[in-house]
Amino acid sequence: MDNQYVVGWGTLALINAGLAQGKNRTGLNWLLLSLALGPLATFSLLLVEKR
């Protein structure tokens with residue numbers, strides 16, 4: 001697996017965790033979800049409402 005792909009996927013997961021915390025969601029859960037689903041988690045996070 002290419003190292004750039006892994007770094008990019010991990011960076012996306014960290015960004016998603018930050019976005020989740022900004023929406024009063026659990027950052028750790030979204031980090032783990034993002035590691036599994038990647039861009040799909042980002043898209044769903046953009047659609048959820050802020051608590």
Side-chain angles (χ1 to χ4, degrees):
M1 187 181 284
D2 189 19
N3 284 340
Q4 290 178 345
Y5 180 76
V6 173
V7 170
W9 201 269
T11 302
L12 179 64
L14 290 172
I15 290 170
N16 286 345
L19 284 172
Q21 286 182 340
K23 291 189 173 201
N24 295 327
R25 309 264 177 195
T26 308
L28 179 61
N29 290 344
W30 280 94
L31 176 77
L32 296 174
L33 184 67
S34 297
L35 286 173
L37 300 177
L40 294 175
T42 305
F43 183 69
S44 63
L45 185 59
L46 293 174
L47 296 177
V48 296
E49 296 287 327
K50 186 175 182 178
R51 284 192 214 176

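Counting from 1, the numbers follow the sequence of the chain as shown. What you see is a predicted model; the values in this text were computed from it and never measured.
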Members besides Leu47 in its Ile/Leu/Val/Met/Phe/Trp/Tyr cluster (side-chain heavy atoms under 4.5 Å): Phe43
Between Ala20 and Gly27, which heavy-atom pair has the shortest distance, and what is it? CB-CA, 4.4 Å
Distance in Å, Thr26 OG1 paired with Leu33 CG, rounded so as to fall on 0.5 Å steps: 11.5 Å
Treating Lys23 as the side-chain partner and Val48 as the backbone partner, does any N or O pair qualify as donor plus acceptor under 3.5 Å? yes
Kindly work out whether a path of hydrophobic side-chain contacts (I/L/V/M/F/W/Y, heavy atoms less than 4.5 Å apart) joins Leu14 to Leu45. no
Flag side-chain contact, heavy atom, 4.5 Å: Leu12 against Pro39: yes
For the atom pair CG (Asn16) and OG (Ser44), what is the distance rounded to the nearest 0.5 Å? 8.0 Å
hydrophobic_cluster_shared for Trp9 and Trp30, side chain cutoff 4.5 Å: no
Interatomic spacing from OG1 in Thr42 to CD1 in Ile15 - rounded to 0.5 Å: 8.0 Å
